[in-house]
Amino acid sequence: MPSDAEIAPAEPARQGRERRAAGRVLHRSSLRVLLRDPMGALGLILVVTFVGMAVFAPWLAPYDPLKLDVMNKFQPPSWAHPAGTDQLGRDLLSRIIYGARTALSIALTSVGLAGIGGLILGMIAGYGPRWLDGILVLIFDSVSSLPMIMLALAVITIIGPGTDTLILVVVTVSIPAYARLIRAQTLGMAQSDFIVAERAMGASGARILIRHLLPNVVGPLVILLSMDVPIVIMLEAGLSYLNLGVRPPTPSWGNILYDGYTSLRSAPHMVLIAGLPLVLSTLGFTFLGEGLRDALDPKLVKGGA
Amino acid sequence: MLRYAARRICLALVILLTVMIAMYAMVFLIPGDPASLALGPRATPELKALLVQRMGLDQPILTQIWLFLRNAAMGDLGYDVWSQRPVLELILEFFPKTLVLGITTLLWALVLGILLGAAAVVWRGTLTDRLLGLLSVSFISIPSFVIAIYLILVFAVWLRWLPAIGAGNPGDPLSQIRALVLPAFALGIGWVGYLARLVRASLLEVMGETYIRTARAFGLSERRVVFRYALRVAIIPTIALLAVGLGSILSSAVFVEAVFSRPGIGTLMTGAVSNRNYPVVMGCVLFMTAFYLFVVTAADLLIARLDPRVRDAFRR
């Protein structure tokens, strides 16, 4: 599904420093706007909860997520096992808590790396020589005409399933969208007065890119990144469900869901519970992304109305 | 128009060519040779040698790429490593099933999405509008295969209304339709949300036009203004998006087909990925990419035909 972050390219800043100062003021009021919006606040709460689960998993999980206890398999939820147990008697709640670690570490790593890659390539395309821009844009177009799932399956066939493969695929597929956004921003800004002035004063290309363009193009990228996190969570879970993602016994929401699916009739509590973190985390990140977009871009607050 | 069409088609072909070369190069970038990759660690040297020869892997790389491109252009996508059937034959057998699912999905999502989007505009600013907005975002973000599994649990296991797996019996349209309901629902619900938002946004833009004011001045009811006059214009960007929609639905069908064990390109591919049957995977990816590019380019050309502003923008 195309990400529908309708981000208007930021207006070229007249003064880098002035804009940065304005950015700081905007930052505090943005948080207030975000929290006043019930959807954004809910998103923030959900995201913080899941990040907390991922970070503090060893302290939160009541059991070892890998510990087998076949005598107690398929237990429905109880005081001892609040979410029940799976087909091998492993505690589901603990597996879900550790699953948050798997999901978020993959999502944040890959989206972060893709963001950095997109930033670098986009700035090169936007500020570098014309011929390089042409080649890069053609590559971006080619990669983005490959659906993410298709490319994922192709890469998995060749290098085998696993966490690294997943990250590689997400980074490859996501870079073009980020790079294009950054390229458009860079192109728009390269002609602005403060860049021209900087160049006239003899600043090197690298200095202009890093000191002056970079701080001005990062904002919209952050919104796009937060909106893409749920897509990566979905891809990881989907591929793990197909046994083409994270390898068992590592707890992943997709693996848990698959285990639940195979015992759908005998232990329906497993799928019911295993689907919840997926639903809630994707909702959380989407709500947060939407809230952030509204908070950071006052023009869109009314949702286009 | 002709120049625009030629440029658009050339662009699509160049992209397809780049994708093909990149895919083929990818196979050679990784350590280990493709033949042992496909046959697994226990293959005998004779079997491997046979496959190497069959697939032309003993030729220099540039020759191989050339042969691959030439064959693909003539519709030869290679052979399934295990069943020895031509890959194109497999694709042509499975693709129509996925296409039926994709088109059904797109149609019902389109109808419901437009209705919800228009309803949000009729009652804009009210609680209904906010609730519809919340629903749309939720629909978009919840993964389709989670919805698929919940649907199976409720409608197939508990209520026993609809089949949980398969595509129905051949020659029995009713059972085929019954088997289509849950997958089409799971696959389309995200697009309902997406289209509802899109229709709402473009409707709101149209509602500011003067002819809408005129219609109102004639005393027409708000519902009539929205459905009879505004929707007609506002729907154009939505139609433009349908081509992209079909492409994206067909590829996310992979997960839904797997959950429902429904024969189609998705199940063909996931099976082939597990077996590392890479000619099949590559063939499917190429076919789907080509199909996607074809649909998107065709839609762009159609829109340019209808709206001269688009091709002028491209010329500049």
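Order of the sequence lines sets the chain letters (A, B, ...), proteins ahead of strands, with each chain counted from 1.
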Would you mind checking which part of [X] comes under 4.5 Å of any heavy atom in chain A, side chain (CB onward), backbone (N, CA, C, O), both or neither?
X: B:Val121; value: neither
X: B:Val273; value: both
X: B:Ile142; value: both

Where on [X] is there a heavy atom nearer than 4.5 Å to chain B: the side chain, the backbone, both, or neither?
X: A:Leu242; result: side chain
X: A:Leu276; result: both
X: A:Ile156; result: both
X: A:Leu272; result: both

Report yes if the distance between the aromatic ring centroids of A:Tyr241 and B:Phe255 is under 6.0 Å, otherwise no.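 Between A:Tyr241 and B:Phe255, the centre distance exceeds or equals 6.0 Å.
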
Compute the ring centroids of B:Phe95 and B:Phe291, then answer whether they are less than 6.0 Å apart.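 Yes.
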
Indicate yes or no: at least one non-hydrogen side-chain atom of A:Met53 is less than 4.5 angstrom from one of A:Leu104.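 No - every pair of side-chain heavy atoms lies 4.5 Å or more apart.
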
Taking C-beta and beyond as the side chain, do A:Phe140 and A:Leu121 meet within less than 4.5 Å on heavy atoms?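 Yes; the side chains approach each other to less than 4.5 Å.
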
I'd like to verify something: which residue of A:Ala237, A:Gly275, A:Pro230, A:Gly238 has the highest number of heavy-atom pairs under 4.5 Å with chain B?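 Of the candidates given, the most pairs with chain B belong to A:Gly238.
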
Is it true that A:Glu236 and A:Thr102 share a donor-acceptor pair across their side chains at a distance under 3.5 Å?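 Not at all, the side chains of A:Thr102 and A:Glu236 share no donor-acceptor pair under 3.5 Å.
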
